[in-house]
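In what follows, a structure is listed as structure tokens, so that the remarks can point back to it.
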Amino acid sequence: TVPGVQSDDGANTLVWTFDRPLAADGVDDGIYRVEVMSQDALENASLKPEAFEFTYSVRAPALISTTPNANARLKEPLNKVIAVLRDRSGTGLNVTNSTLTLRKARSGGGSSSLVGGALETQVSDTKDSRGLLYTLTFTLDRAFATNGSDDGAYTIQVTGADNAGSAVAYNVEFVYDTQAPRVSGVSPASGSFLNASLEVVSAQLADELTGIDLFNSTIQLIGPKGTVGGRQTNNGGDTIHWEFAPLKTDSTGDGRYTIKVLPVDILGNRAVTAFESQFNLDATPPQVTSTNPVPKARLQTSISRVSAI
């Protein structure tokens, strides 16, 4: 029984005034039954109460879960999106007004694009202690591609509406990423020529979606005599280094060197083949192999020039 006080207008209206108004935070939501026992001035009284019911609901449906879940990072193809809602009013989910859509953010900004698909709503076989569960399933027109064309940031937009007229919107974001990071720069630069010793090479990596796995991404240096031994380090952000003993600046260290980089993101997406970049070390001065006149020559005729090769 809702505590209150009965009054009337002295004519034909009975009033039950609550001790306090029904709460606006949802704690009083539910179905209420009003019972009226009537009697006229001649004491003709009803034998049983006349009753009517009404539903009080200020709490819109609650989003219980989504698949993919919030902030998920995916690399496996996706063909459907699911949202589970709980009806908190007792009136049931309004299937017509409850919606689930999927939108993809445009690269470089701008309005997002709607992903095509079909929506199906099902009532759960189970009812938890706080309301009946409903499952919205959005089946895509086609599964996500694995060639990078569908990679990007997505938003699941869910609107939950009940039959009491309450409605609420939810946005859940996730990322789909099937491609390996790219190498955005190397040091020394590709095709460069060096004449001084070197003890570190670096590769800067870029991945706009899920981020770089600095520990599983690899970098190597291969010289004229094979792989240059050393250790891999990183800057904690986007760059990996290969550190080694200084290259010799006599003729034994000269030659072409290849930086090999295999970038990996945190989902395990890795390049099929390693990125390669070459530079040259030439720290030995040129050697004179011949002269004209030859060394120690004795000339008896006039000359106008000398040359060296």
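Predicted, not measured: the structure shown is a model, and the values here were computed from it.
Residues V201 and F244 meet the side-chain proximity criterion, which asks for heavy atoms closer than 4.5 Å. Taking the side chain as every heavy atom from C-beta outward, V172 and N69 never approach each other to under 4.5 Å. Between D162 and S98 there is no side-chain heavy-atom pair separated by less than 4.5 Å. Within the 4.5 Å cutoff, no side-chain heavy atoms of E243 are placed close to those of E199.
A distance of 8.0 Å separates OG1 of T67 from CD1 of I156, quoted to the nearest 0.5 Å. With rounding to the nearest 0.5 angstrom, the NZ atom of K248 is 11.0 Å from the OG atom of S197. L14 CG to Q6 CD: the interatomic distance, rounded to the nearest 0.5 Å, is 5.5 Å. In this structure, L100 CG and L63 CG are separated by 9.0 Å, a value rounded to the nearest 0.5 Å. For the atom pair CG of L281 and CG of N195, the computed distance is 8.5 Å after rounding to the nearest 0.5 Å. To the nearest 0.5 Å, atom CZ of residue R33 and atom CD of residue E53 are 6.0 Å apart.
Under the 3.5 Å distance criterion, the side-chain polar atoms of W242 are matched with a main-chain donor or acceptor of V228. Put simply, the side chain of T284 gets close to the backbone of S251: a donor and an acceptor are under 3.5 Å apart. Looking only at distances, a side-chain donor or acceptor of R73 sits under 3.5 Å from a matching main-chain atom of T210. Without hydrogens or angle criteria, N269 side chain to D177 main chain gives a donor-acceptor distance under 3.5 Å. Between the side chain of D87 and the backbone N or O of L132 there is no donor-acceptor pair closer than 3.5 Å. In this structure, the side chain of D213 does not engage the main chain of S217 through any donor-acceptor pair within 3.5 Å. Q232 contributes a side-chain N or O that, together with a main-chain N or O of I219, makes up a donor-acceptor pair within less than 3.5 Å. Of the possible donor and acceptor atoms, none in the side chain of K260 sits under 3.5 Å from a partner among the backbone N and O of A274. In this structure a side-chain-to-backbone donor-acceptor pair under 3.5 Å is present from S89 to T91. S46 places no side-chain N or O within 3.5 Å of a backbone atom of M37 that could act as its donor or acceptor partner.
Criterion: ILVMFWY side-chain heavy atoms under 4.5 Å apart, direct or through other members. Under it, L74 and V175 are not part of a common hydrophobic cluster. L114 and V81 sit in two unconnected hydrophobic clusters of ILVMFWY residues. Membership requires side-chain heavy atoms under 4.5 Å apart, directly or through other members. No chain of hydrophobic side-chain contacts below 4.5 Å, direct or via other Ile, Leu, Val, Met, Phe, Trp or Tyr residues, connects I240 to V200. Following chains of ILVMFWY side-chain contacts shorter than 4.5 Å, one can reach Y134 starting from Y170, so the two form part of one hydrophobic cluster.
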| message | Under the criterion side chain to side chain contact (heavy atoms under 4.5 Å, CB included), I'd like the reasoning laid out for I309 against V288: C-alpha separation, chi angles, the key distance, then a yes or no. | response | CA-CA 6 Å; I309 299 176; V288 177; over 6 Å; no

| request: Check step by step if side chain to side chain contact (heavy atoms under 4.5 Å, CB included) holds for R106 and S112. | output: CA-CA 5 Å; R106 295 188 186 275; S112 59; 5.6 Å; no

| side chain to side chain contact (heavy atoms under 4.5 Å, CB included) between L136 and L119, worked out | CA-CA 7 Å; L136 307 182; L119 178 63; 4.0 Å; yes

| said: Evaluate N171 against T155 for side chain to side chain donor-acceptor pair (under 3.5 Å), listing each step before the verdict. | reply: CA-CA 6 Å; N171 289 329; T155 301; over 6 Å; no

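Using a 4.0 Å cut-off between charged nitrogen and carboxylate oxygen, D28 and R20 count as a salt-bridge pair. Between R142 and D150, at least one side-chain N (NZ, or NE/NH1/NH2) sits under 4.0 Å from a carboxylate O, which counts as a salt bridge. Salt bridge present: E208 and R182 bring a charged side-chain N and a carboxylate O closer than 4.0 Å.
Using bins of under 30°, 30° to 60° and over 60° for the plane-to-plane angle, the ring pair F144/F174 lands in the parallel bin.
Within a 6.0 Å sphere centred on NZ of K104, other residues, nucleotides and ligands contribute more than 12 heavy atoms. Residue Y32 places its OH atom among more than 12 non-hydrogen atoms of other residues, nucleotides or ligands, all under 6.0 Å distant.
Listed here is the closest heavy atom pair of A83 and V158: CB-CG2, 3.9 Å. Here the shortest heavy-atom pairing between P181 and D207 reads CG-OD2, 3.5 Å.
When the options T121, I82, L85 are evaluated for a side chain to side chain contact (heavy atoms under 4.5 Å, CB included) with T135, the one that passes is I82. Each of T239, D238, D265, N234 was evaluated against I212; a single residue qualifies, D238, per the side chain to side chain contact (heavy atoms under 4.5 Å, CB included) test.
In this structure, a donor-acceptor pair under 3.5 Å is present between the side chains of H241 and S202.
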